[in-house]
Number of protein chains: 2
Amino acid sequence: MKSSDLIAAFLLDSLEKADGLVELQRNELAQQFNVVPSQINYVISSRFTPEHGYIIESRRGGGGYIRIRRVKQDKNVHIMHVVNAVGNRLNAMNAEVFLRNMLDYSYLTPQLFRVMRAAVSDNALSAIPLDCRDTVRAEIMKHMLLSVIA
Amino acid sequence: MKSSDLIAAFLLDSLEKADGLVELQRNELAQQFNVVPSQINYVISSRFTPEHGYIIESRRGGGGYIRIRRVKQDKNVHIMHVVNAVGNRLNAMNAEVFLRNMLDYSYLTPQLFRVMRAAVSDNALSAIPLDCRDTVRAEIMKHMLLSVIA
DNA sequence: TTCATTTTGGTCAGAAAAAGTCAAATTTTA
DNA sequence: TAAAATTTGACTTTTTCTGACCAAAATGAA
């Protein structure tokens, strides 16, 4: 059995027991599974992404941690659907369409709509080179949407 | 739990109870939390700055003190102040600090706070090269804040 | 008053304690 | 065998903690 799978299984189990919220210390966990610390990052970034329904938060320095939060999917199915529909790239026009649609269905308040539109607007993202702007926009959009669910 | 967080929590609690004005003795407080005195300075300068909405006054010599005062401001003024304070670059930690402060003052709803935090988190922006990430973050933050005012 | 002593708080740099990044090397899978 | 997934470790960044030394205010003696 691969280490990554073992670690992922452990984290899934912990999430189950802890009702969707688990906090870990990278070095400690790495030691428990006898792998280098950066492998914890690999496991998380390959299996606990927003697309998989998880939000990651972390802190460095003394007393640092990595926190994994599972977002509920049974409710907010529509929003999850949008998250998946966004995919890897998202242009400004489609972003607007998605947002307006959610506003129309009252999945978003008008204020939330304005803020999210501002965040993914071409104005806000103008410093990003065109070739990766839509990728970044997709990421921001997905993270914002998941935070609404969480 | 980190000492710094414990001390900050204690100070926030004191501020709450004392209606926004608290006065302390550096050495005494350091002793209570079993840290060196300069750590009190660290906690204050990392968490109770003007940007966070606090004013610090102090006096040396016999009967010396450190006074922390929370200042209340008009909502839009405060938000504009944050917009200005953001400047051209903004790292993830300061972003969090600004947002949390606005949340504390009820300038943002908890949901708005979560969404905005998600939008400027390092996770959402990980596709952007490090050397321009903080610039983009600053832009996104400012656009979102302005959309709240508008 | 003047000035030495004591009592505070202030600064800063370095150590320590985490987590993050990236790309090369290896292993697995199709 | 070629592509994808995994493993590893060297290097970076962020945050916290500590201590040595500095500066200012109060106090008391000469």
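Just so it is clear: chains get the letters A, B, ... in the order the sequence lines come, proteins before strands, and each one is counted from 1. Note that the structure is a prediction, hence the values are computed from the model and not measured.
If you check every strand for non-hydrogen atoms under 4.0 Å, B:Ser38 touches a base. Residue-level contact check: B:Arg59 touches the backbone only, with heavy atoms under 4.0 Å from sugar-phosphate atoms and none from bases. At the heavy-atom level, A:Gly62 lies under 4.0 Å from base atoms of the strands shown. As judged by a 4.0 angstrom heavy-atom cut-off over every strand, B:Asn91 is placed among residues making no nucleic acid contact. Within 4.0 Å (heavy atoms only), B:Gly61 reaches at least one base atom of the nucleic acid.
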Report the C-alpha distance between B:Leu29 and B:Leu11 in whole Å, list the side-chain angles of each, state the deciding distance to 0.1 Å, and finish with yes or no for side-chain contact (heavy atoms from CB on, under 4.5 Å). CA-CA 10 Å; B:Leu29 190 63; B:Leu11 291 176; 4.2 Å; yes
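One interatomic measurement links the two molecules: OH of A:Tyr42 to C1' of C:dA25, which rounds to 14 Å at whole-angstrom precision. The CG atom of B:Leu130 sits 8 Å away from the P atom of D:dT13 (whole-angstrom rounding). Protein atom CD of A:Gln39 is 9 Å distant from nucleotide atom P of D:dT6, rounded to whole Å. Atom CD in B:Glu28 sits about 10 Å away from atom P in C:dT8, given to the nearest Å. Atom P of nucleotide D:dT13 and atom CZ of B:Arg133 are separated by 12 Å, given to the nearest angstrom. Computed from coordinates, the A:Arg67 CZ to C:dA18 C1' distance equals 15 Å when rounded to whole Å. Counting to the nearest Å, the P atom of D:dT7 and the CZ atom of A:Arg47 are 8 Å from each other. One atom, CG of B:Asn34, and another, P of D:dT16, lie 18 Å apart when rounded to the nearest Å.
Across A:Arg137, A:Lys142, A:Glu51, a single residue satisfies side chain to side chain contact (heavy atoms under 4.5 Å, CB included) together with A:Val86, and that is A:Lys142.
Each of B:Arg60 and A:Ser58 has a nearest nucleotide on DNA chain C; the 5'-most of these lies closest to B:Arg60. Of the residues near DNA chain C, A:Lys2 and A:Ile66, the one whose nearest nucleotide (by heavy atom distance) lies more toward the 5' end is A:Ile66. Remark on DNA chain D: of its neighbouring residues B:Asp5 and A:Val36, the 5'-side contact belongs to A:Val36, judged by nearest-heavy-atom nucleotide.
One distance of note links CG of A:Asn41 with CD1 of A:Ile66; it measures 5.5 Å at 0.5 Å rounding. Residue A:Met116 holds its CE atom at 6.0 Å from CE of A:Met141, rounded to the nearest 0.5 Å.
In this structure, B:His78 and B:His81 have tilted ring planes: the angle between them lies in the 30° to 60° band.
Close to C:dG10, at under 4.0 Å from its OP1 or OP2, lies a side-chain N or O of B:Asn41.
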